Amino acid sequence: YQDLSSDNIALTYSWNKNTNAENFFRLYHNTSTGTLYNSLTKSDWVSPYSYDLYANGAEWQQNWNISDKHSIVGGANWRQEHLDDQDTINRGVSSKSLFLENRWQLPSKWSLTAGSRYDNQSIAGDNVTSRVAVNREISETTNIYASWGQYVKNPTIAQLYSNTTGWHGNPDLKSETGDTVTLGMNTKLGDGTNLQASIYKSNLKNPLYWVWNGAFTKYYNYESEKRQGLDLVLYRTLSTKWSVSVGYFYTKVILWKLT
């Protein structure tokens with residue numbers, strides 16, 4: 001069994017709410033503590049594993065209406081995390097980012113979104129990712145879309161530096177990077193029933209996976225991963241308080257070469 005607790009505090013200031021644009025500045029402080037009595041022990045093989053994790057951060061987002069057909073949203077984020085397991089980890093990591101996204105309303109009910117994001121993490125370093133999406137309204141009830149986007153997933157402090165009886169850290173981990181292409185459709189079938197359908201294909205470099213070697217688990221990077229899949233979700237609103245949904249999700253994953 002385990003004892004877990006968390007506390008989250010945020011202070012947000014918003015402006016220009018009547019413009020249908022989310023403009024805000026936010027400060028937050030999150031804490032999480034826990035003790036795991038059965039699944040993990042400390043490096044002495046006796047004491048229950050416990051940890052204290054906190055995060056301080058700030059977020060800013062601003063929207064600019066360039067014209068009735070063109071808008072820009074941009075912002076910045078800063079976050080500092082610290083993990084102390086009162087045994088082998090007492091480390092922190094900080095990250096900051098800047099992002100900018102353009103949104104255009106085009107003729108014939110087309111829309112286009114394009115943007116980029118810059119991230120800097122004190123351990124992983126710099127990364128730049130971009131995203132492009134197009135959307136077409138077929139009717140008042142149906143739209144189709146296509147998107148391409150990049151992403152970065154940095155290893156956590158625990159993945160890098162843990163040292164428990166069942167989990168060893170790997171300080172040589174690299175950031176997981178990749179891109180995804182998605183094609184999808186949303187449609188209203190009537191009587192409060194909606195259908196969402198999409199297919200996607202992802203190509204990843206240095207994907208992170210938890211591997212058991214017979215004595216303990218440890219995160220490693222595979223050389224690459226290809227993933228493709230299908231998502232189908234059908235949901236219906238029954239009343240103001242009740243709704244029901246059913247979904248089917250298929251994913252095919254091909255991993256290549258553990259590094």
Side-chain angles (χ1 to χ4, degrees), residues 2-17 19-36 40 49-64 71-103 113-131 133 147 149-164 167 169-171 173-180 204 206-208 210 219 221:
Q2 55 191 16
D3 292 329
L4 304 175
S5 66
S6 61
D7 295 290
N8 301 319
I9 301 173
L11 176 65
T12 303
Y13 174 73
S14 303
W15 58 94
N16 295 338
K17 289 186 176 181
T19 61
N20 296 321
E22 190 177 9
N23 303 308
F24 65 86
F25 178 76
R26 178 179 297 125
L27 298 173
Y28 63 87
H29 173 71
N30 302 333
T31 61
S32 176
T33 61
T35 301
L36 286 71
L40 288 176
Y49 180 78
S50 59
Y51 67 88
D52 292 302
L53 174 67
Y54 75 79
N56 297 317
E59 301 174 334
W60 164 65
Q61 180 174 293
Q62 176 70 50
N63 287 263
W64 297 274
S71 63
I72 296 176
V73 58
N77 299 288
W78 171 82
R79 181 181 176 92
Q80 184 179 53
E81 298 181 32
H82 189 273
L83 175 62
D84 181 5
D85 69 357
Q86 300 155 20
D87 186 22
T88 60
I89 304 178
N90 187 10
R91 292 176 178 264
V93 59
S94 62
S95 59
K96 50 185 178 290
S97 62
L98 298 169
F99 66 91
L100 191 69
E101 185 174 84
N102 287 272
R103 300 170 180 172
T113 302
S116 292
R117 179 185 179 97
Y118 165 77
D119 288 279
N120 173 270
Q121 195 209 52
S122 56
I123 297 176
D126 300 331
N127 283 288
V128 176
T129 54
S130 299
R131 177 180 178 271
S147 67
Q150 299 171 306
Y151 87 101
V152 175
K153 180 181 178 181
N154 295 317
T156 66
I157 299 175
Q159 291 170 350
L160 290 166
Y161 304 115
S162 284
N163 185 21
T164 69
W167 182 4
N170 183 356
L173 287 175
K174 302 174 184 177
S175 298
E176 178 179 306
T177 61
D179 63 82
T180 300
L204 309 181
N206 299 319
L208 295 163
W210 208 12
Y219 273 90
N221 290 111

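Quick caveat, the model's predicted, so the values are computed rather than measured.
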Task: Student check: side-chain heavy atoms of Arg131 and Thr113 closer than 4.5 Å - done: yes

TODO: Taking all heavy atoms of Lys174 and all of Leu208, pick out the closest pair and write down the distance.
DONE: O-CD2, 3.8 Å

- [ ] Consider only side-chain N and O atoms of Thr35 and Asp3, and report whether a donor and an acceptor are under 3.5 Å apart.
- [x] no

- [ ] Could you grab the distance from atom CG of Asn170 to atom OH of Tyr161, nearest 0.5 Å is fine?
- [x] 10.5 Å

Task: From Arg117 atom CZ to Asn127 atom CG, the distance as rounded to the nearest 0.5 Å - done: 11.0 Å

Open item on the list: Run Gln62 and Phe25 through side chain to side chain contact (heavy atoms under 4.5 Å, CB included) and show every step you take.
Closed with: CA-CA 9 Å; Gln62 176 70 50; Phe25 178 76; over 6 Å; no

Task: Straight-line distance of Ile9 CD1 to Thr31 OG1, nearest 0.5 Å - done: 7.0 Å

- [ ] Taking Ser122 for its side chain and Ser94 for its backbone only, find out whether a donor-acceptor pair lies under 3.5 Å.
- [x] yes

Open item on the list: Can you confirm whether Asp84 sits close enough to His82 that some side-chain heavy atom of one is under 4.5 Å from a side-chain heavy atom of the other?
Closed with: yes

TODO: May I ask you to test the Val152-Asp119 pair for a side-chain heavy-atom distance under 4.5 Å?
DONE: no

Task: Glu22 backbone acceptor or donor facing Gln61 side chain under 3.5 Å - done: yes

Open item on the list: Apply side chain to side chain contact (heavy atoms under 4.5 Å, CB included) to residues Ile89 and Tyr51 and explain how you reach the verdict.
Closed with: CA-CA 9 Å; Ile89 304 178; Tyr51 67 88; over 6 Å; no

TODO: Supply the atom-to-atom distance Trp64 CH2 to Ser71 OG, rounded to the nearest 0.5 angstrom.
DONE: 11.0 Å

Task: Minimum-distance pair of heavy atoms, taken over all atoms of Ala76 and Leu98 - done: CB-CD2, 3.5 Å

- [ ] Working to the nearest 0.5 Å, report the span between CD1 of Ile72 and CG of Asn63.
- [x] 10.0 Å

Task: Smallest separation among heavy atoms of Ala124 and Asn154, with atom names - done: CB-OD1, 3.3 Å

TODO: May I ask you to decide if Thr88's main-chain N or O and Asn163's side chain share a donor-acceptor pair within less than 3.5 Å?
DONE: no

Open item on the list: For a quick test of reading the model, state the closest non-hydrogen atom pair linking Ser175 to Asn206 and the distance between them.
Closed with: O-CB, 3.6 Å

Task: side chain to side chain donor-acceptor pair (under 3.5 Å) between Asn8 and Tyr28, worked out - done: CA-CA 7 Å; Asn8 301 319; Tyr28 63 87; over 6 Å; no

Task: Spacing of OG belonging to Ser97 relative to CD belonging to Gln121, to within rounding of 0.5 Å - done: 11.5 Å

Open item on the list: What I'd like to find out is whether the side chain of Trp78 reaches to under 4.5 Å of the side chain of Leu27, using heavy atoms alone.
Closed with: no

Open item on the list: Between Glu59 (side chain only) and Arg26 (backbone N and O only), is there a donor and an acceptor less than 3.5 Å apart?
Closed with: no

Open item on the list: I'd like to know if the side chain of Glu176 reaches the main chain of Lys153, judged simply by a donor and an acceptor atom lying under 3.5 Å from each other, with no hydrogens or angles considered.
Closed with: no

- [ ] Would you name the heavy atoms of Tyr219 and Leu173 that are closest together and state the gap between them?
- [x] O-CD2, 3.4 Å

TODO: Just do the side chain to side chain contact (heavy atoms under 4.5 Å, CB included) check on Leu204 and Tyr151 with the steps written out, would you?
DONE: CA-CA 9 Å; Leu204 309 181; Tyr151 87 101; 3.4 Å; yes

Task: Sidechain-backbone polar pair: Asn56 side chain, Gln80 backbone, donor-acceptor under 3.5 Å - done: no

TODO: For Ile157 and Glu81, work out which heavy atoms get closest and say how close.
DONE: CD1-O, 4.3 Å

Open item on the list: Pair Arg91, Val93 - check side chain to side chain contact (heavy atoms under 4.5 Å, CB included), show working.
Closed with: CA-CA 7 Å; Arg91 292 176 178 264; Val93 59; over 6 Å; no

